[in-house]
Undergrad: 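Okay, handing you the structure first.
Keep in mind that what you see is a predicted model, and the values were worked out from it rather than measured. The basis for the numbers below is simple: all heavy atoms, side chains too, and nothing from hydrogens, waters or symmetry mates.
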Amino acid sequence: MTKIYYPVTLAKIVMILINLAILIAGLAIHDALWLSGVFFCGLIGVQFHFTVFEDTRDTNWVSRLDIWLSLLTLLFLLCKFFVVTAVPA
């Protein structure tokens, strides 16, 4: 089985920076409405991952970092949304 390796491009690095910005915004925001908007941006970020990166079998560390960062950001934002909306203000 051959390893698939695509080179790093500027668009791939920008995707990682966008996902980091979404994660930082999710850490900073405590309002349920704004948090749901950041979660929606995270979903769009996952969609853009599959547009920017050529193949999910890519062994490049940038591809793996971006998909894990995207999925962990979504999981964190979903859990935070449940906590923020469950506790009465």
Undergrad: Suppose clustering is done on Ile, Leu, Val, Met, Phe, Trp and Tyr with side-chain heavy atoms closer than 4.5 Å. Which residues sit in the same group as Ile4?
TA: Tyr6
Undergrad: Suppose we screen for side chain to side chain contact (heavy atoms under 4.5 Å, CB included). Which residues come up paired with Leu33, at least two apart in sequence or across chains?
TA: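 Applying side chain to side chain contact (heavy atoms under 4.5 Å, CB included) to Leu33 gives Asp31, Ser36.
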Undergrad: Indicate the atoms forming the closest heavy-atom contact of Gly26 with Leu35, along with that distance.
TA: O-CD1, 3.9 Å
Undergrad: To the nearest 0.5 Å, what is the distance between CZ (Phe50) and OG1 (Thr56)?
TA: 7.0 Å
Undergrad: Could you see if Ile24 belongs to whatever hydrophobic cluster contains Met15? Use Ile, Leu, Val, Met, Phe, Trp, Tyr and a side-chain cutoff under 4.5 Å.
TA: no
Undergrad: For residues 4-22, which residue pairs pass the salt bridge (Lys or Arg N to Asp or Glu O under 4.0 Å) check, not counting sequence neighbours?
TA: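 Passing the test, one end in residues 4-22: Lys12-Glu54.
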Undergrad: Does the side chain to side chain contact (heavy atoms under 4.5 Å, CB included) test come out yes or no for Arg64 and Asp58, once each step is laid out?
TA: CA-CA 8 Å; Arg64 303 224 184 236; Asp58 186 9; over 6 Å; no
Undergrad: Can you tell me how far the OG1 atom of Thr51 sits from the CD1 atom of Ile44, to the nearest 0.5 Å?
TA: 11.0 Å
Undergrad: To the nearest 0.5 Å, tell me how far Tyr5 OH sits from Trp61 CH2.
TA: 8.5 Å
Undergrad: Which pairs count as salt bridge (Lys or Arg N to Asp or Glu O under 4.0 Å) when at least one residue sits in residues 34-45, sequence neighbours excluded?
TA: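 Counting only pairs at least two positions apart or across chains, no salt bridge (Lys or Arg N to Asp or Glu O under 4.0 Å) contact touches residues 34-45.
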Undergrad: Quick one: pull up OG1 in Thr9 and CZ in Phe53 and give me the separation to the nearest 0.5 Å.
TA: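 Between atom OG1 of Thr9 and atom CZ of Phe53 there are 7.0 Å.
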Undergrad: Under the rule for salt bridge (Lys or Arg N to Asp or Glu O under 4.0 Å), what residues qualify as partners of Lys80, not counting sequence neighbours?
TA: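 By the salt bridge (Lys or Arg N to Asp or Glu O under 4.0 Å) rule, Lys80 matches no residue at all.
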Undergrad: Pairs under 3.5 angstrom only: tabulate donor-acceptor contacts from the side chains of residues 68-77 to other protein residues two or more places apart or in another chain.
TA:
from, atom 1, to, atom 2, distance (Å)
Ser70, OG, Asn19, ND2, 2.9
Ser70, OG, Asp66, O, 2.8
Thr73, OG1, Leu69, O, 2.6

Undergrad: Decide whether Val83 and Phe40 are clustered together by the hydrophobic rule: side chain heavy atoms of Ile, Leu, Val, Met, Phe, Trp, Tyr closer than 4.5 Å, transitively.
TA: no
Undergrad: In terms of hydrophobic clustering (I, L, V, M, F, W, Y; side-chain heavy atoms under 4.5 Å; direct or indirect links), are Leu27 and Val38 co-clustered?
TA: yes
